[in-house]
Trainee: 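Input: one structure, supplied below.
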Amino acid sequence: METGTIPGEELVGGIDLYRTLESGQSYCWTRSDGAMYTDQPAPEAWYRTVVEGIPVAVRQPAGVASGDLEWRSTTDAVPLLRRLLRLDDDLEAIADDAPPEPLIQEAYTAHDGMRLVEDPPFNCLISFICSAQMRVGRIHGMVSQLARTYGDTYTLGEAEINAFPTPDQLAAATEADLRELSLGYRAPYVQRTAEMVAEGEAHPEDARDLEYEAAREYLTQFVGVGDKVADCVLLFSLGFDEAVPLDTWIQTAIAEYFPDCDNGNYAETSRAIRSRLGGRYAGYAQTYVFHHLRTGAVDT
DNA sequence: ACCCAGGATGTAA
DNA sequence: TTACATCATGGG
């Protein structure tokens with residue numbers, strides 16, 4: 001096993017690992033104490049995942065945005081973590097460029113150090129198909145269950161880590177199998193989408209080269225993927241920082257804070273709110289506002 | 001019991 | 001194009 005430390009001071013704007021991994025963006029990681037989404041950070045606990053056959057564990061003992069990251073893996077995990085946690089993002093510049101609206105400034109200030117993630121596309125796609133009408137804690141539970149049931153098991157020291165299933169592995173599950181895991185009406189969506197990817201009919205990665213709105217349209221060909229889920233995949237996996245998923249929380253924010261952005265349909269409301277949230281990094285602002293509202297930290 | 005959660009789909013107008 | 005019912009499940 002290899003181990004190492006990434007100095008927090010090398011990261012512009014630092015990183016808050018708890019806020020980054022427990023803000024409902026990524027469902028790829030599990031916490032060693034098994035208690036995520038409880039509004040209870042555990043600085044001593046390890047976050048673990050497997051990406052491209054490489055098991056990784058990371059934690060932030062200091063538990064603050066300026067604290068160092070400690071990691072363990074079977075190889076040098078720095079390049080991998082740099083990608084997954086977007087450690088090269090200039091968080092200070094991004095926050096400085098954020099629009100002056102009070103809600104947005106308040107969200108950035110309240111959750112200092114939260115970074116966007118870059119999840120593996122297939123994992124992200126299935127995660128957000130599962131996310132329909134679900135709370136973040138349960139989405140994580142469903143994704144973890146899929147990993148335990150259909151994914152390969154890796155070891156890292158004493159720890160066992162389940163990789164998210166490959167398209168082939170997941171496509172082999174039947175709708176009935178997935179309903180057994182409490183996926184509900186999402187079961188056929190997950191099965192059919194896994195099948196589409198496994199058979200080479202389409203791949204979420206192929207959206208990366210397209211222009212934003214074309215990329216969003218491309219992703220909606222997957223079963224169980226509408227505009228909102230497509231935006232989540234674009235933002236949390238494919239590097240489209242301008243994507244703004246219009247979920248229930250953001251719809252509420254639009255109604256209360258940006259009512260003029262409501263243009264009746266998804267596409268036009270999306271354009272207006274993306275512009276209002278700053279354009280290029282609108283998705284970053286969205287993620288801060290989402291987390292701020294969802295955790296009830298909003299200052300009224 | 002009722003309402004809600006990072007919605008999508010099929011059908012009817 | 002838009003409006004609406006329907007779809008599972010668990011927690012408050």
Side-chain angles (χ1 to χ4, degrees), chain A residues 19-29 35-39 107 111 114 116-117 119 123-146 173-194 196 202 204 216-238 240-241 243-256 262-271 273-274 277 282-298:
Chain A
R19 287 171 178 160
T20 300
L21 295 183
E22 300 197 36
S23 50
Q25 307 177 53
S26 175
Y27 300 94
C28 301
W29 300 77
M36 292 177 81
Y37 310 108
T38 56
D39 291 327
H111 309 287
M114 185 171 75
L116 282 183
V117 298
D119 278 351
N123 195 333
C124 184
L125 179 65
I126 299 298
S127 294
F128 281 95
I129 287 174
C130 289
S131 78
Q133 297 296 100
M134 280 289 132
R135 281 174 198 157
V136 295
R138 287 201 59 210
I139 298 166
H140 183 266
M142 292 164 60
V143 173
S144 300
Q145 190 61 250
L146 289 175
T174 67
E175 176 183 335
D177 291 335
L178 297 176
R179 283 183 186 272
E180 294 274 323
L181 300 184
S182 299
L183 291 200
Y185 61 80
R186 304 155 198 81
Y189 300 165
V190 169
Q191 198 283 328
R192 292 172 62 190
T193 287
M196 288 175 73
R216 193 177 65 196
E217 180 64 23
Y218 177 86
L219 291 178
T220 61
Q221 75 182 286
F222 293 107
V223 183
V225 179
D227 289 328
K228 186 271 171 184
V229 167
D231 267 329
C232 287
V233 177
L234 293 177
L235 182 61
F236 302 134
S237 187
L238 298 178
F240 287 83
D241 296 343
V244 174
L246 301 183
D247 60 78
T248 53
W249 291 100
I250 296 304
Q251 296 283 13
T252 299
I254 290 173
E256 291 187 15
D262 183 0
N263 290 320
N265 59 70
Y266 194 99
E268 293 307 318
T269 302
S270 169
R271 287 191 189 187
I273 194 65
R274 277 183 280 129
L277 294 184
Y284 239 105
Q286 184 273 357
T287 299
Y288 271 85
V289 169
F290 168 83
H291 184 58
H292 195 53
L293 294 176
R294 193 185 68 78
T295 56
V298 62

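First the proteins, then the strands, lettered A, B, ... as listed; each starts at 1.
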Trainee: Does A:Arg294 place a side-chain N or O at less than 4.0 Å from the phosphate oxygens OP1/OP2 of B:dG6?
Mentor: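 Indeed not, no polar side-chain atom of A:Arg294 lies that close.
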Trainee: Got a donor-acceptor contact below 3.5 angstrom from the A:Gln191 side chain to the A:Thr174 backbone?
Mentor: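 Side chain of A:Gln191 to backbone of A:Thr174, a donor-acceptor pair under 3.5 Å: no, none is there.
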Trainee: Check whether A:Tyr284 reaches the backbone of A:Leu116 with its side chain - one donor and one acceptor, N or O, closer than 3.5 Å.
Mentor: yes
Trainee: Using atom P of each nucleotide, how far apart are C:dA5 and B:dC4 to the nearest Å?
Mentor: 15 Å
Trainee: In this structure, how many angstroms lie between the C1' atom of C:dA8 and the CD atom of A:Glu180, rounded?
Mentor: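 After rounding, the reported distance stands at 14 Å.
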Trainee: Output the rounded distance in Å from CZ (A:Arg138) to C1' (B:dG6).
Mentor: 14 Å
Trainee: Is it true that A:Arg274 and A:Ser270 share a donor-acceptor pair across their side chains at a distance under 3.5 Å?
Mentor: yes
Trainee: Roughly how many Å apart are C:dG10 and B:dT9, using the C1' atom of each and rounding to a whole number?
Mentor: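 It comes out at 23 Å once rounded to the nearest Å.
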Trainee: I'd like to know if A:Arg135 reaches the base of B:dC4 with its side chain, counting only an N/O donor and acceptor under 3.5 Å.
Mentor: yes
Trainee: Contact class for A:Arg179 (heavy atom, under 4.0 Å): base, sugar-phosphate, or nothing?
Mentor: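 It contacts sugar-phosphate atoms only.
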Trainee: Whole-Å distance between B:dG6 C1' and A:Met142 CE?
Mentor: 13 Å
Trainee: Does A:Asn265 put a side-chain nitrogen or oxygen below 4.0 Å from OP1 or OP2 of C:dT2?
Mentor: yes
Trainee: C:dG12 and B:dA1: how far apart are their C1' atoms, nearest whole angstrom?
Mentor: 13 Å
Trainee: Closer than 3.5 angstrom, by distance alone: can the side chain of A:Thr269 be matched with the main-chain N or O of A:Asp262 as a donor-acceptor pair?
Mentor: no
Trainee: Considering only heavy atoms and no angle criterion, is a donor-acceptor pair shorter than 3.5 Å present between the side chain of A:Tyr189 and the base of B:dG7?
Mentor: no
Trainee: Looking at A:Trp29, is its backbone amide N or carbonyl O close enough to the side chain of A:His140 to form a donor-acceptor pair, meaning the two atoms are under 3.5 Å apart?
Mentor: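 Looks like yes, one N/O pair under 3.5 Å.
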Trainee: Between C:dA3 and B:dG6, how far is it from one P atom to the other, in whole Å?
Mentor: 25 Å
Trainee: Say whether, by atom type as modelled, one donor and one acceptor occur between the side chain of A:Gln145 and the main chain of A:Leu181 under 3.5 angstrom.
Mentor: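 A pair under 3.5 Å: no.
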Trainee: Is A:Phe290 stacked against the base of B:dG6, taking the criterion as centroid distance under 5.5 angstrom and interplanar angle under 30°?
Mentor: yes
Trainee: Are the side chain of A:Arg186 and the backbone N or O of A:Ala132 linked by a donor-acceptor pair below 3.5 Å?
Mentor: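 Present.
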Trainee: Please report the distance, rounded to the nearest Å, between CG in A:Asn263 and P in C:dT1.
Mentor: 16 Å
Trainee: Rounding to an integer number of Å, can you tell me how far A:Met134 CE sits from B:dA8 P?
Mentor: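 A:Met134 atom CE is separated from B:dA8 atom P by 14 Å.
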Trainee: Just how far, in rounded Å, is C1' of C:dT9 from CD of A:Gln145?
Mentor: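 A:Gln145 atom CD is separated from C:dT9 atom C1' by 14 Å.
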Trainee: Rounding to a whole Å, what distance do you find between A:Asp227:CG and B:dT9:C1'?
Mentor: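 A:Asp227 atom CG is separated from B:dT9 atom C1' by 13 Å.
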Trainee: I need the residues from residues 217-225 of chain A with at least one non-hydrogen atom less than 4.0 Å from DNA chain B; give them sorted by number, or say none.
Mentor: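 When residues 217-225 of chain A is checked for heavy atoms under 4.0 Å from DNA chain B, the hits, listed by number, are A:Phe222, A:Val223, A:Gly224, A:Val225.
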Trainee: At under 4.0 Å, does any side-chain N or O of A:Ser182 touch on OP1 or OP2 of C:dG10?
Mentor: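 Answer yes for this pair, as a side-chain N or O of A:Ser182 is under 4.0 Å from OP1 or OP2.
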Trainee: Expressed as a whole number of Å, how far does the C1' atom of B:dA8 sit from that of C:dG11?
Mentor: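 Between the two C1' atoms, the distance is 23 Å.
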Trainee: Specify the closest pair of heavy atoms between A:Leu235 and A:Pro245, including all atoms of both residues, with the distance to one decimal.
Mentor: CD2-CD, 3.9 Å
Trainee: Give me the distance, rounded to whole Å, that separates C:dC7 from B:dA5 when you measure between the C1' atoms they each carry.
Mentor: 14 Å
Trainee: Return the value, rounded to whole Å, for the distance between atom NZ of A:Lys228 and atom P of B:dT9.
Mentor: 13 Å
